[in-house]
Structure formats: C-alpha cells, structure tokens
Amino acid sequence: MLAALAQGGADSVIAEQLTISCGRFPAEHELCRNAAVRWAEARGHEVRVLAAPALSDERLALYQELLEVGAQRLDVLEIDIVWPGKLAPHLADLRPYLAEDAEDAEDAEDAEDAGEATPAEAAFFPSLIANNSIDGRLVALPWFLDLGLLYYRRDLLEAAGLDVPQTWRQLADAAIILQDGQRAYGDSRFWGFIWQGWRYEGLTCNAIEWLASWGGGTVIAANGRITVDNPDARFALQRAGDWIEIISPHAVLTSTETETLEQFAAGNAAFMRHWPYAWEELNAEDSRVRGKVGVALLPKGGAQGVHAATLGGWQLAVSKYSAHPELAVDLVRYLTSSEVQRERALEGGYIPSRPALLGLSELRQQQPYLGLLESADLTLVARPSTVTGAKYTRVSELFQNSVHAILSGATTAETALALLAEELELLSEAGSFR
C-alpha cells in the first residue's frame with residue numbers, strides 16, 4: 001500500500017528504481033503499469049506502479065500525508081486538475097528539465113528565466129499548462145482531459161420515439177417515460193437518471209454543472225467574489241433535489257463513479273452523468289449495453305441556459321523529495337508523450353492533453369464524444385481552484401456538504417446557500433479570495 005511508503009527513508013531507496021502512483025480504477029491502473037514498465041525496460045531501470053484510492057479526496061489526503069513527511073520512495077504522482085496549487089510546495093519544477101531537452105536551448109533558457117512556457121510545453125493545451133503553473137513553476141504535465149457527459153440508452157429512446165434531451169426538463173420527462181416503461185416490463189430496479197451524489201469531489205463536479213447550466217455561476221467568481229447565494233443557484237440545486245425518488249434513486253446520494261457506472265452497465269438506468277472513460281467500459285465485449293449507448297452534452301438549464309461540463313483531467317507530477325528527479329521527469333515525459341496518449345485514448349477512452357491528437361481519424365471513429373469538444377454549445381466550467389489556491393479543498397468540502405444537505409431534504413437551498421456564503425466569507429479575506 002502507498003501508506004507503507006511513509007515508513008521508507010533515504011537508506012531504503014534502491015538506486016535506479018522509481019515508484020509511481022497512478023490509476024483510479026483497475027483498467028486505468030493496468031494501462032499506466034504497462035506503459036511505465038515499457039519505459040523502465042527501455043531505460044534499464046525498475047519501476048513500481050502503485051494504485052491509489054479511487055476517490056480523489058482519499059487520494060489527496062494520502063498524498064499529503066506522504067509528501068509532508070518527505071517520503072522519498074514516491075517519485076511520480078498522478079494528481080487531479082484542482083491539486084497543483086495545493087501540492088505545489090511539495091512538487092518539483094519541471095520547467096528546467098524541459099528546457100534542457102528543448103531543441104533551441106537559448107529560447108528555452110529565456111522562457112525559463114521569464115517564467116514562461118518552454119517550447120516542449122507548446123504541444124499541450126495552453127489552459128492546462130497555465131493551470132499547472134504556480135508562481136512561474138510548472139509543477140505537473142497534463143496527462144488527459146476530462147469533462148462531464150450525458151450517457152443515454154439509445155435503443156430505449158429510439159423505441160419510445162424520443163429525442164436526446166437538450167434541457168433538464170426534457171431529461172426529466174424522458175426519464176419518467178423510460179423508467180415507467182421498463183418497470184411495466186417488471187424491472188423494478190430501473191431508474192431514469194443516475195449521477196454521483198456522495199459527499200466528495202464528484203458531487204462538486206455535478207453541482208457545478210447544474211449551477212452553470214442555469215446561469216448560477218461557479219460558487220466563487222474568477223475575481224474572488226463569493227457568488228453562490230443567488231436565485232439561479234438556489235433553483236438549480238433545489239430542482240436536482242426534486243429528482244430523488246422520482247427519477248433518481250435515494251441510493252444516488254451515496255454513489256460515486258464506480259456505483260453509477262456499474263448500475264448503468266447492468267442496464268438499470270436510462271441516463272447517466274459520467275466521464276469519458278465510461279464509454280470504453282460500456283462498449284466492452286462483455287458489456288450488457290454494448291452498442292445500445294449514446295453520448296451527448298449535458299442538458300441546458302432552459303432556453304437561456306448552457307450545456308455546461310465540469311473541466312476535469314489528471315496530471316503527472318514529480319515529488320521534490322524524489323531521490324531520482326531526472327529519471328522521474330523522464331518517466332513523466334514518456335507517459336505524457338504522443339505515443340502513450342494515443343494508446344491510452346484507443347484502449348481506455350482517455351482524451352489526450354495534446355491537441356494534435358484529437359484530429360486522428362482512428363480516435364474519432366472510436367470515441368464519438370471527441371466531436372462534442374468542438375461544439376459551439378459546450379461550456380467548459382472550471383472549479384474555483386485557481387482563485388482559492390490552497391483553500392480550495394475546504395471550499396469544495398463546504399460546498400459538498402451544503403449541496404448534499406439540499407439533495408437529502410435536510411434543508412432548503414435558500415437556507416443552505418445563505419449559510420454556505422457566510423462560511424466562505426469567514427474562510428476568505430473580507431468576502432473575497434483575492
């Protein structure tokens with residue numbers, strides 16, 4: 001287990017052996033392990049590939065525990081898109097290493113001195129490089145993109161003569177029709193719409209999408225002002241609460257990505273909110289819904305709303321306590337290379353962080369959601385991690401608790417968001433995070 005690494009010291013580090021933590025789920029872990037082993041065999045080194053907890057909150061807590069004691073036997077970490085600011089003090093600056101590898105060393109050195117992107121960084125999405133740059137230090141390289149998507153049973157929609165829903169109202173109406181239809185055939189476990197409602201980062205992602213789709217903002221604006229207590233946000237969350245026991249089971253309040261994917265893959269739901277990697281799982285040879293699933297943008301809040309999707313993704317970082325930083329960076333460079341990202345896209349459905357790969361016909365044929373990224377109707381919504389910095393984890397926890405209380409019926413959106421705004425104001429500086 002990763003926790004055991006905290007017991008390791010400098011004396012226990014084996015020369016030319018690296019340890020990487022990656023893979024939230026078995027299939028993802030296997031992809032990472034295979035690529036890391038190829039790198040090690042080609043370089044003549046050894047690599048240990050350790051799986052971390054699937055829940056991002058648990059993984060962050062474990063990383064913090066290890067990094068704070070300076071554990072040297074954890075070299076490379078897979079980190080969430082909202083963690084660079086939180087973990088930056090413990091992560092190595094990759095920019096000097098990238099500058100050394102650049103073809104034009106003089107330009108690379110100038111970029112490094114100015115705290116700007118080196119030529120090697122230009123192959124990645126600029127927004128992701130910017131997200132991973134903290135005070136001029138590049139603390140991680142982007143590995144793959146994530147965004148919230150709507151999965152639906154295409155066969156059931158077609159049989160019922162229904163279109164793919166464009167608004168939340170249309171989704172609720174279609175969910176009821178399909179749910180009633182399947183239950184009439186004796187499937188009492190069938191539900192209209194499932195999503196991630198447990199108190200963890202996944203709920204933050206779902207709720208951010210609801211708010212943004214109705215014009216309710218992103219909890220905290222880019223200028224640092226606390227905006228969560230507004231009429232559109234209250235309406236969005238109260239409406240989501242109304243889904244419980246109508247089109248969504250009560251069990252959704254304890255569901256994460258794992259449970260929702262299992263339920264949908266078993267054929268027990270009409271619609272599901274999930275991430276891109278679910279497409280490969282649902283279309284695997286042994287899947288009960290193989291060939292029966294479609295994917296679309298998440299619904300708008302209404303005629304004036306937007307198709308909002310939380311911007312997600314995972315990055316690879318190097319611990320500044322690594323005894324082999326050069327090798328660790330080399331491993332990160334390989335795992336984020338075009339070769340490996342193409343492989344992960346084809347075998348696991350992970351969206352590359354290199355824009356040049358998105359146009360490959362082989363990827364387009366296998367992953368229809370790639371075309372959705374080019375839709376003018378798509379609004380990618382970032383969580384307020386940049387503006388809140390090291391306080392983001394607490395901001396997200398407070399938001400999750402408030403949203404969960406609304407969804408469970410423990411309180412109203414009006415009461416919960418008013419209290420949340422007060423709590424965020426106490427956490428901030430005079431009502432602003434800037």
Peer 1: Do the charged groups of Arg234 and Asp229 touch, with an N to O distance under 4.0 Å?
Peer 2: yes
Peer 1: In this structure, which one of Trp198, Tyr277, Trp195, Tyr200 forms a side chain to side chain donor-acceptor pair (under 3.5 Å) with Glu257?
Peer 2: Tyr200
Peer 1: Does Asp75 reach the main-chain N or O of Ser322 with its side chain, forming a donor-acceptor pair under 3.5 Å?
Peer 2: no
Peer 1: Flag the pair His45 / Leu18 as yes when at least one side-chain heavy-atom distance between them is below 4.5 Å, and no otherwise.
Peer 2: no
Peer 1: Do NZ/NE/NH1/NH2 and the carboxylate oxygens of Asp155 and Arg153 come within less than 4.0 Å?
Peer 2: yes
Peer 1: If I compare all heavy atoms of Glu209 with all of Thr310, which pair ends up nearest, and what's the gap?
Peer 2: OE2-N, 2.9 Å
Peer 1: Quick one: which of Trp191, Phe193, Phe271 gives a ring pair (Phe, Tyr, Trp, His ring centres under 6.0 Å) with Trp243?
Peer 2: Phe193
Peer 1: Any chance you could measure Leu378, atom CG, to His307, atom NE2, to the nearest 0.5 Å?
Peer 2: 9.0 Å
Peer 1: Check whether any side-chain heavy atom of Leu145 sits under 4.5 Å from a side-chain heavy atom of Leu311, and report yes or no.
Peer 2: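 When only atoms from C-beta onward are counted, Leu311 and Leu145 do touch, with a gap below 4.5 Å.
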Peer 1: Do Asp330 and Trp39 touch side chain to side chain, with heavy atoms closer than 4.5 Å?
Peer 2: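 Yes. Closest side-chain heavy atoms under 4.5 Å.
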Peer 1: Mind checking what makes salt bridge (Lys or Arg N to Asp or Glu O under 4.0 Å) contact with Asp232, not counting sequence neighbours?
Peer 2: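 Asp232 satisfies salt bridge (Lys or Arg N to Asp or Glu O under 4.0 Å) with no other residue.
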Peer 1: Using a 4.5 Å cut-off on heavy atoms from C-beta on, say whether the side chain of Ile81 contacts that of Arg383.
Peer 2: yes
Peer 1: Let me confirm one number: the NZ-OH distance from Lys86 to Tyr63, rounded to the nearest 0.5 Å.
Peer 2: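 One finds 16.0 Å between NZ of Lys86 and OH of Tyr63.
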Peer 1: Please report the C-alpha distance between Ser287 and Lys292 in whole Å, then the side-chain angles of each, then the deciding distance to 0.1 Å, and finally whether the side chain to side chain contact (heavy atoms under 4.5 Å, CB included) criterion is met.
Peer 2: CA-CA 10 Å; Ser287 172; Lys292 301 177 181 179; over 6 Å; no
Peer 1: Can you tell me if CG on Asp135 sees more than 12 non-hydrogen neighbours from other groups inside 6.0 Å?
Peer 2: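 12 or below, so no.
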Peer 1: Verify the neighbour count for atom CZ of Arg290: are there more than 12 heavy atoms of other residues, nucleotides or ligands below 6.0 Å?
Peer 2: yes
Peer 1: Walk me through it: do Phe399 and Leu424 pass the test side chain to side chain contact (heavy atoms under 4.5 Å, CB included)?
Peer 2: CA-CA 9 Å; Phe399 183 52; Leu424 293 176; over 6 Å; no
Peer 1: Hey, does Trp314 have a side-chain heavy atom less than 4.5 Å from the side chain of Tyr350?
Peer 2: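 Of all side-chain heavy-atom pairs linking Trp314 with Tyr350, none is under 4.5 Å.
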Peer 1: Holding to side-chain hydrogen bond (donor to acceptor under 3.5 Å, both in side chains), I want the full list of residues that pass it with Glu362, two or more places apart in sequence or in another chain.
Peer 2: Arg342
Peer 1: Measure across Val228 and Ala233 and return the closest heavy-atom pair with its distance rounded to 0.1 Å.
Peer 2: O-CB, 3.3 Å
Peer 1: Could you please spell out the steps behind the side chain to side chain contact (heavy atoms under 4.5 Å, CB included) verdict for Leu50 and Leu74?
Peer 2: CA-CA 10 Å; Leu50 304 178; Leu74 178 59; 5.7 Å; no
Peer 1: Hey, could you give me the CH2/NZ distance between Trp214 and Lys300, rounded to the nearest 0.5 Å?
Peer 2: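 Going from the CH2 atom of Trp214 to the NZ atom of Lys300 covers 11.0 Å.
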Peer 1: Run Leu60 and Asp80 through side chain to side chain contact (heavy atoms under 4.5 Å, CB included) and show every step you take.
Peer 2: CA-CA 9 Å; Leu60 175 60; Asp80 199 351; over 6 Å; no
Peer 1: Return the minimal non-hydrogen interatomic distance between Gly241 and Leu407, and the atom names on each side.
Peer 2: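 What the structure gives for the nearest pair is N-CD2, 3.6 Å.
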Peer 1: Return the minimal non-hydrogen interatomic distance between Glu425 and Ile226, and the atom names on each side.
Peer 2: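 Heavy-atom minimum between the residues: N-CD1, 3.4 Å.
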Peer 1: More than 12 foreign heavy atoms under 6.0 Å from CZ of Arg169: is that the case here?
Peer 2: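 No - once you tally the heavy atoms of other residues, nucleotides and ligands closer than 6.0 Å, there are 12 at most.
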Peer 1: Quick one: do Thr258 and Glu262 satisfy side chain to side chain donor-acceptor pair (under 3.5 Å)? Show the steps, please.
Peer 2: CA-CA 6 Å; Thr258 300; Glu262 290 176 350; 5.9 Å; no
Peer 1: My understanding is that only one of Leu128, Leu316, Val332 makes a side chain to side chain contact (heavy atoms under 4.5 Å, CB included) with Trp143; could you say which?
Peer 2: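 Going through the options one by one, the only one that passes is Leu316.
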Peer 1: Kindly indicate, with the supporting measurements, whether the criterion side chain to side chain donor-acceptor pair (under 3.5 Å) is fulfilled by Ser338 and Gln341.
Peer 2: CA-CA 5 Å; Ser338 295; Gln341 288 203 36; over 6 Å; no
Peer 1: How about Leu147 and Ile351: do any of their side-chain heavy atoms sit closer than 4.5 Å?
Peer 2: yes
Peer 1: Can you tell me if Ser361 and Gln365 form a side-chain donor-acceptor pair at under 3.5 Å?
Peer 2: no
Peer 1: Are any of the side-chain heavy atoms of Ser353 and Thr336 separated by less than 4.5 Å?
Peer 2: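 A side-chain contact under 4.5 Å is absent here.
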Peer 1: Name the residue from Arg24, His29, Arg59, Gln315 that meets the side chain to side chain donor-acceptor pair (under 3.5 Å) definition with Glu78.
Peer 2: Arg59
Peer 1: As an exercise, state the distance from CE of Met272 to CG of Leu282, rounded to the nearest 0.5 Å.
Peer 2: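 Reported value, rounded in 0.5 Å steps: 5.0 Å.
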Peer 1: Using the test salt bridge (Lys or Arg N to Asp or Glu O under 4.0 Å), find all partners of Arg239 that sit at least two apart in sequence or belong to another chain.
Peer 2: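 None.
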Peer 1: Is any NZ, NE, NH1 or NH2 atom of the basic residue among Glu41 and Arg38 found under 4.0 Å from an Asp or Glu carboxylate oxygen of the other?
Peer 2: no
Peer 1: Write down the atom of Val387, the atom of Ala222, and the distance for their closest heavy-atom approach.
Peer 2: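 Scanning both residues completely, I find the closest heavy atoms to be CG2-O, 3.7 Å.
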Peer 1: Which of these, Val403, Leu426, Leu420, sits in a side chain to side chain contact (heavy atoms under 4.5 Å, CB included) with Leu398?
Peer 2: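 Passing option: Leu420.
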Peer 1: Can you check whether Lys391 reaches Ser428 side chain to side chain, under 4.5 Å on heavy atoms?
Peer 2: no
Peer 1: Assess the side chains of Thr260 and Gln263: does a donor N or O sit below 3.5 Å from an acceptor N or O?
Peer 2: no
Peer 1: Which heavy atom of Ser213 sits nearest a heavy atom of Ala308, and at what distance?
Peer 2: N-CB, 3.9 Å
